[in-house]
Amino acid sequence: MRLSRFFLPVLKETPADAQIVSHRLMLRAGMIRQEAAGIYSWLPLGFRVLKKIEQIVREEQDRAGAVELLMPTLQPADLWRESGRYEDYGKEMLRIVDRHERDLLYGPTNEEMITAIFRSYCRSYKDLPKTLYHIQWKFRDEIRPRFGVMRGREFLMKDSYSFDLDEASARRAYNRMFVAYLNTFARLGLKAVPMRADTGPIGGDLSHEFIILAETGESEVFCDSRLVDMGAPGLDVDFDGDLQPLVDARTSLYAATEEMHEADRFVSEVPEERRLSARGIEVGHIFYFGTKYSAPLGANVTHPDGKDRPVHMGSYGVGVSRLLGAIIEAHHDEAGCIWPESVAPFGIGIINLKPGDADTDAACQSAYEALVKAGKDPLLDDTNERPGGKFATMDLIGVPWQLIIGPRGLKEGKVEIKRRATGERFEASLESVLSQLTAEQTGQ
RNA sequence: CGGGGCGUAGCGCAGCCUGGUAGCGCAUCUGCUUUGGGAGCAGAGGGUCGCAAGUUCGAAUCUUGCCGCCCCGACCA
């Protein structure tokens with residue numbers, strides 16, 4: 001992409017309304033535009049990152065055996081009357097009336113609908129297990145939206161739903177998502193820590209929030225520091241195998257959010273040097289809820305013994321749009337965003353320091369073409385802005401690598417490559433820089 | 001929903017108390033000079049002062065109502 005053709009409305013000044021760093025940077029980098037409280041347009045730069053995050057989430061769901069579908073944003077109220085949640089949900093649910101005076105709602109979640117889909121096609125234990133998911137916009141009419149996309153009213157969410165014959169099987173489905181989430185967040189450049197969450201009326205130990213640690217996190221969390229650096233199981237995990245040991249290795253260590261924190265247990269279970277209290281952002285939540293929806297909605301299957309029983313379900317959410325904010329909170333500096341390569345809006349930025357200079361233009365052009373050909377998704381700054389402005393913009397939007405080409409360096413046969421994350425710069429000939437860049441694998 | 005605050009040029013703000021010509025910085029446009037970390041000079045364009053009613057000879061400024069947005073709290077992916 002050439003910057004002269006792209007749509008990148010960067011702001012030099014910080015908008016007054018933005019309180020936290022990710023919100024400020026997303027506005028300044030021209031990634032989002034607020035349309036109403038908690039409702040945003042995704043401008044091209046932000047949209048690119050959003051799509052990349054979405055795709056990684058999708059790939060890891062697929063790898064774990066989940067099957068993608070797409071349910072609508074609008075749902076009939078009757079479905080929610082069946083589960084009893086139409087009345088219970090309260091004002092967070094956006095209710096809409098159509099021209100025939102039928103009650104609709106903009107979905108805040110999809111348990112009812114997925115259960116209705118399941119019940120109309122699946123009758124036998126032979127249809128199980130199944131895990132279905134979709135990535136769709138949701139709306140929750142939060143009393144007070146804030147922090148940009150971190151707590152918007154409209155948000156993009158991946159939600160999966162598992163259907164199993166019994167609790168033991170449901171636990172295996174739960175474990176698959178547990179592991180898939182660890183891999184997903186790792187690929188996004190995040191260290192996510194699973195923390196025991198409130199299971200509500202169901203009870204048991206099958207609910208976890210996935211928290212990433214960031215100074216500007218919204219809630220206080222407490223955990224064993226070994227969890228933070230434990231690393232993800234890896235993409236070669238056998239999802240058909242026994243995942244329990246992988247899950248146990250993590251759930252056996254203390255980790256709790258403010259609401260679930262037990263100070264005395266923390267002290268007794270975790271040696272002092274490993275007691276970590278930090279701030280965190282919830283980016284995922286997994287949940288086993290048994291027959292909470294299948295029973296009232298009549299999602300039954302016939303068991304081998306010939307009897308019908310409600311299926312055991314779980315749901316598993318990832319806040320896809322929130323993840324942009326979360327990743328920025330975890331990866332930024334004074335100058336702007338620092339995207340992990342896996343989600344960066346562009347792979348590399350090429351800065352033409354002097355458009356109009358024949359040698360510089362030619363070098364930029366050949367670099368651009370070579371990088372396009374290598375699939376590196378370069379952004380070429382071919383505008384007439386001054387060098388200082390170009391550096392600042394490239395730093396702000398957080399492209400992982402900057403290839404800086406100007407007449408001064410070219411005179412000595414050199415270009416400069418800068419790594420955004422560390423600020424390291426190297427000088428070398430254009431040829432060697434390009435052969436190195438086009439040779440290496442896309443990082444994660 | 002309780003408490004607080006803000007709506008004036010695309011963005012950031014002053015002006016409002018004490019009513020009378022709508023201003024500053026950045027951005028934008030034109031010209032010249034500049035060009036390796038957000039340039040300089042000269043000039044230009046751009047405003048229903050959130051909306052509505054009221055007071056007044058006269059309202060950005062005073063009064064009332066409404067709308068929108070932000071912050072703190074209770075709630076959430």
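Below, chain A is the first sequence line, B the second, and so on; all start at residue 1.
- The side chain of Glu282(A) lies closest to A77(B) when the candidates are C69(B), A77(B), G38(B).
- Rounded to the nearest Å, the gap between the P atom of C41(B) and that of C17(B) is 35 Å.
- Under the Watson-Crick and G-U wobble criteria, each requiring two contacts below 3.5 Å, nucleotide U61(B) is left unpaired.
- Spacing between U48(B) and A22(B) at atom C1', rounded to whole Å, works out to 14 Å.
- Of the candidate nucleotides C72(B), C13(B), G36(B), C72(B) has the atom lying nearest to any side-chain atom of Arg146(A).
- Per the geometry, CD belonging to Glu258(A) stands 14 Å off C1' belonging to C76(B), to the nearest Å.
- When every heavy atom of Pro345(A) is checked against every heavy atom of Ile397(A), the shortest pair comes out as CG-O, 4.1 Å.
- Pairing of C69(B), defined by two Watson-Crick or G-U wobble distances under 3.5 Å, is identified with G5(B).
- Within 4.0 Å (heavy atoms only), Ala392(A) reaches at least one base atom of the nucleic acid.
- Across all strands shown, Asp395(A) has heavy atoms under 4.0 Å from base atoms, whether or not it also approaches the sugar-phosphate.
- Taking atom C1' in both G25(B) and U35(B), the straight-line distance is 24 Å, to the nearest Å.
- Side-chain contact of Tyr288(A) with Ser207(A): a donor-acceptor pair under 3.5 Å is absent, judged by distance alone.
- Taking only side-chain nitrogens and oxygens, Arg386(A) comes nearer than 4.0 Å to OP1 or OP2 of A39(B).
- For the pair Glu142(A) CD and C69(B) C1', the computed distance is 17 Å after rounding to whole Å.
- Nearest nucleotide to the side chain of His285(A), out of C72(B), A77(B), C69(B): A77(B).
- Residue Glu385(A) has its side chain nearest to G38(B) when only C70(B), A77(B), G38(B) are considered.
- Among the nucleotides C75(B), C26(B), C13(B), the one closest to the side chain of Glu13(A) is C26(B).
- One N or O donor and one acceptor, one from the side chain of Arg28(A) and one from the base of G38(B), sit under 3.5 Å apart.
- Under the Watson-Crick or G-U wobble criterion, with both distances below 3.5 Å, C17(B) is left unpaired in every strand shown.
- Across Met113(A) and Leu74(A), no two heavy atoms sit closer than the pair CE-O, 4.4 Å.
- The number of heavy-atom neighbours closer than 6.0 Å to CZ of Phe239(A), taken from other residues, nucleotides and ligands shown, is above 12.
- Within 6.0 Å of atom CZ in Arg33(A), 12 or fewer heavy atoms from other residues, nucleotides or ligands are found, so the atom counts as exposed in its surroundings.
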- Item | side chain to side chain donor-acceptor pair (under 3.5 Å) assessment of Arg85(A) paired with Tyr293(A) | CA-CA 10 Å; Arg85(A) 283 211 291 182; Tyr293(A) 299 97; 3.0 Å; yes
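- Cation-pi geometry between Arg153(A) and Phe139(A) is not satisfied (NZ or CZ under 6.0 Å from the ring centre, within 45° of the ring normal).
- Remark: the separation of the C1' atoms in A59(B) and C51(B) is 15 Å, to the nearest Å.
- Considering only the side chain of Leu396(A), G38(B) comes nearest among G38(B), C76(B), C70(B).
- C72(B) atom C1' lies 16 Å from atom CD1 of Ile20(A), rounded to whole Å.
- Nearest nucleotide to the side chain of Pro15(A), out of G73(B), U35(B), G12(B): G12(B).
- On the C1' atoms, A9(B) is 28 Å away from G65(B), given to the nearest whole Å.
- Atom C1' of nucleotide C75(B) and atom CD of Glu259(A) are separated by 11 Å, given to the nearest angstrom.
- Between the base of G25(B) and the side chain of Lys12(A) there is no donor-acceptor pair shorter than 3.5 Å.
- Of the listed nucleotides (C1(B), G36(B), G12(B)), G36(B) has the atom at the smallest distance from the side chain of Pro387(A).
- Nucleotide G45(B) has no partner under the Watson-Crick or G-U criteria, as no pair reaches both atom distances under 3.5 Å.
- With C70(B), G36(B), C75(B) as the choices, the nucleotide that has an atom nearest any side-chain atom of Glu92(A) turns out to be C75(B).
- Glu416(A) comes within 4.0 angstrom of a base, heavy atoms only.
- Judged by ring centres under 5.5 Å apart and planes tilted less than 30 degrees, Phe391(A) fails to stack against the six-membered base ring of G38(B).
- Relative to the six-membered ring of Tyr86(A), Arg95(A) meets both conditions, a distance below 6.0 Å and an angle of at most 45° to the axis.
- When the P atom is used for both G5(B) and G19(B), the distance is 23 Å, rounded to whole Å.
- Residue contacts for Leu11(A): at a heavy-atom cut-off of 4.0 Å it reaches no nucleic acid atom on any strand shown.
- If you check every strand for non-hydrogen atoms under 4.0 Å, Gly317(A) touches nothing.
- Between Gln34(A) and the phosphate of G68(B), there is no side-chain N or O to OP1/OP2 separation shorter than 4.0 Å.
- Across Ile32(A), Leu50(A), Ile328(A), Leu323(A), a single residue satisfies side-chain contact (heavy atoms from CB on, under 4.5 Å) together with Val149(A), and that is Ile32(A).
- Residue contacts shown for Thr393(A) include a base, since a base heavy atom lies under 4.0 Å away.
- Following rounding to the nearest Å, His23(A) (NE2) and C69(B) (C1') show an atom-to-atom distance of 11 Å.
- Searching all strands for a Watson-Crick or G-U wobble partner of U35(B) with both distances below 3.5 Å returns nothing.
- Taking for each of Arg151(A) and Gly389(A) the nucleotide of RNA chain B with the nearest heavy atom, the 5'-most of the two is the partner of Gly389(A).
- At a threshold of 4.0 angstrom between heavy atoms, the contacts of Gly90(A) with the nucleic acid are absent.
- Here G25(B) sits opposite C11(B) as a Watson-Crick or G-U wobble pair (both hydrogen-bonding atom distances under 3.5 Å).
- When the C1' atom of A27(B) is taken as reference, atom CG of Leu27(A) falls 17 Å away, rounded to whole Å.
- Nucleotide U55(B) forms no Watson-Crick or G-U wobble pair with any nucleotide shown, as no partner meets the under 3.5 Å limit on both distances.
- Within the 4.0 Å cut-off from OP1 or OP2 of C1(B), at least one side-chain nitrogen or oxygen of Lys91(A) is found.
- Nucleic acid contact class of Gly152(A) (heavy atoms, under 4.0 Å, all strands): base.
- Place Ile404(A) and Val320(A) on RNA chain B by their nearest nucleotides, and Ile404(A) ends up nearer the 5' end.
- Rounded to whole Å, atom P of C69(B) lies 10 Å from atom OH of Tyr40(A).
- Of all nucleotides listed (C76(B), C26(B), C72(B)), C72(B) comes nearest to the side chain of Arg144(A).
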